[in-house]
Amino acid sequence: MARKRMGVARGVTAAIVLMLMGQQAVAAELAQAASVPQAGAAVTEWPNPWQVRLRALGVITEDSGHVNAVPGSGLSYSNTVRPELDISYYFTDNIATELILGTTYANIEGQGAIGALGNVGKVWLLPPTLTLQYHFTNFGAFKPYVGAGVNYTIFYNQHAGSADALHVKNTFGTALQVGFDYMVDQHWGVNFDVKKLFLKPDFEVTVDGAKLTGKAELDPWLIGAGVTYRF
């Protein structure tokens, strides 16, 4: 009888062990199944944070500025259309930073009291601009954004016209931005963008041997349209 009871106890113990082992195996299989996407199930991936745009950019300056010590003097500048590249990095779906790269030129004309000078000179501008943007994401393929940032403009290839010498100084400025992307698919889209740069560089000019200083109040509008590519 004792042996029989011992055998029954051993059998019950073995059954309990097998049940526990089976439960653990089933739990492991369920966990593994949950970690592997089922066939046909949608997989959500974080999009690549890098984006580039190529635009045709119209640069429209404000005709304002003056030469110090010459009352009634004024300045005007030529408008241009140039290609422009920008590179964006998305920290989140809504927050991104954008670096704007492009170069253009400006012909400087005398106005008012110095109108007789005509073309004072020509300078090229390299105005890299960095903005921090907020992107609105609740309009489907239409993705508007606003931004603000800083600009550092480098003036190079400066040539005097009617003046004997001309030197426009590099300067910092600020920028405001509004625009939108309309995404055709996951990667490609079209873009329209408007920026306002607040740019007032100082300059030195020599006319008939007299050295003068002044301020060129360019404050250009940058109006661009082009294509967007999201990696």
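The residues of the chain are indexed from 1 along the displayed sequence. Just so we're clear, the structure is a prediction, and the values are computed from it rather than from any experiment.
Between D202 and K169 there is no salt bridge, since no side-chain nitrogen of the basic residue lies less than 4.0 Å from a carboxylate oxygen of the acidic one. Ion pairing between a basic and an acidic side chain is recognised when a charged N comes within 4.0 Å of a carboxylate O; D181 and R53 show such pairing. Here R55 pairs with E84 in a salt bridge; the nearest charged N to carboxylate O distance falls below 4.0 Å. Of the charged side-chain nitrogens involved, at least one lies within less than 4.0 Å of a carboxylate oxygen, so that E62 and K196 count as a salt-bridged pair. Comment: E204 does not engage K215 in a salt bridge, judged by the lack of any side-chain N to carboxylate O separation of less than 4.0 angstrom.
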Apply side chain to side chain donor-acceptor pair (under 3.5 Å) to residues T104 and T80 and explain how you reach the verdict. CA-CA 7 Å; T104 187; T80 59; 2.5 Å; yes
Quick one, T97 with L130, criterion side chain to side chain contact (heavy atoms under 4.5 Å, CB included). Give me CA distance, side-chain angles, the key distance, then yes/no. CA-CA 7 Å; T97 187; L130 184 66; 3.4 Å; yes
Residues L101, D86; criterion side chain to side chain contact (heavy atoms under 4.5 Å, CB included); working and verdict: CA-CA 6 Å; L101 301 171; D86 76 59; over 6 Å; no
In sequence, state the C-alpha distance, the side-chain angles, and the governing distance for L99 and T129, and then conclude on side chain to side chain contact (heavy atoms under 4.5 Å, CB included). CA-CA 6 Å; L99 177 63; T129 303; over 6 Å; no
Passes ring-ring contact (aromatic ring centres under 6.0 Å, His included), Y90 versus H135? Steps please. CA-CA 10 Å; Y90 284 76; H135 291 253; 4.9 Å; yes
Determine, step by step, whether Y156 and T103 satisfy the side chain to side chain donor-acceptor pair (under 3.5 Å) criterion, reporting the C-alpha distance in whole Å, the side-chain angles of both residues, the deciding distance to 0.1 Å, and the verdict. CA-CA 10 Å; Y156 66 100; T103 187; 2.7 Å; yes
Run the ring-ring contact (aromatic ring centres under 6.0 Å, His included) check on F180 and F142 step by step: do they pass? CA-CA 7 Å; F180 69 85; F142 178 68; 5.2 Å; yes
Stepwise side chain to side chain contact (heavy atoms under 4.5 Å, CB included) check, V70 with I114: CA-CA 8 Å; V70 181; I114 60 172; 3.8 Å; yes
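Pairing each heavy atom of G110 with each of L75, the nearest pair is CA-CD2, 4.5 Å. Closest approach of D63 and Y77 over heavy atoms only: OD1-N, 3.0 Å. Of all the heavy atoms in P127 and T153, the pair that sits closest is CB-OG1, 3.5 Å. Annotation for A225 and F192: closest pair CB-CD1, 4.2 Å, computed over non-hydrogen atoms. The minimum heavy-atom distance linking L222 with L197 is given by the pair CD1-CD1, 3.7 Å. What you find for N151 and P128 is that their closest heavy atoms are ND2-O, 3.5 Å.
Looking only at atom types and distance, the side chain of D193 has a donor-acceptor partner in the side chain of Y145 under 3.5 Å away. Side-chain atoms of H66 and N68 include a donor-acceptor pair closer than 3.5 Å. With 3.5 Å as the limit, one finds a donor-acceptor pair spanning the side chains of Q177 and E98. Side chain to side chain, T206 and D164 fail the donor-acceptor criterion of an N or O pair below 3.5 Å. Using modelled atom types and a 3.5 Å distance limit, the side chains of Q111 and S76 yield a donor-acceptor pair.
Counting heavy atoms from C-beta on, the side chains of Y105 and S78 come closer than 4.5 Å. Between L166 and I108 there is a side-chain heavy-atom pair separated by less than 4.5 Å. The shortest side-chain heavy-atom distance between V67 and F203 falls under the 4.5 Å cut-off. At least one side-chain heavy atom of W50 sits less than 4.5 Å from a side-chain heavy atom of I87.
Between Q133 atom CD and Y89 atom OH the span is 14.5 Å, to the nearest 0.5 Å. Of the inter-residue distances, the one linking L126 atom CG with Y152 atom OH reads 10.5 Å to the nearest 0.5 angstrom. Atom CZ of F198 is separated from atom OG1 of T174 by 5.5 Å, given to the nearest 0.5 angstrom.
Cluster annotation: I95 and F139 are assigned to the same hydrophobic cluster (Ile/Leu/Val/Met/Phe/Trp/Tyr, side-chain heavy-atom contacts under 4.5 Å, transitive). Under the 4.5 Å side-chain heavy-atom criterion for grouping Ile, Leu, Val, Met, Phe, Trp and Tyr, W221 is not connected to L199 through any hydrophobic cluster.
With H187 contributing its side chain and R230 its backbone, the two residues share a donor-acceptor pair below 3.5 Å.
With a 6.0 Å cutoff to the six-membered ring centre and a 45° limit on the axis angle, K143 does not count as a cation-pi contact of Y182.
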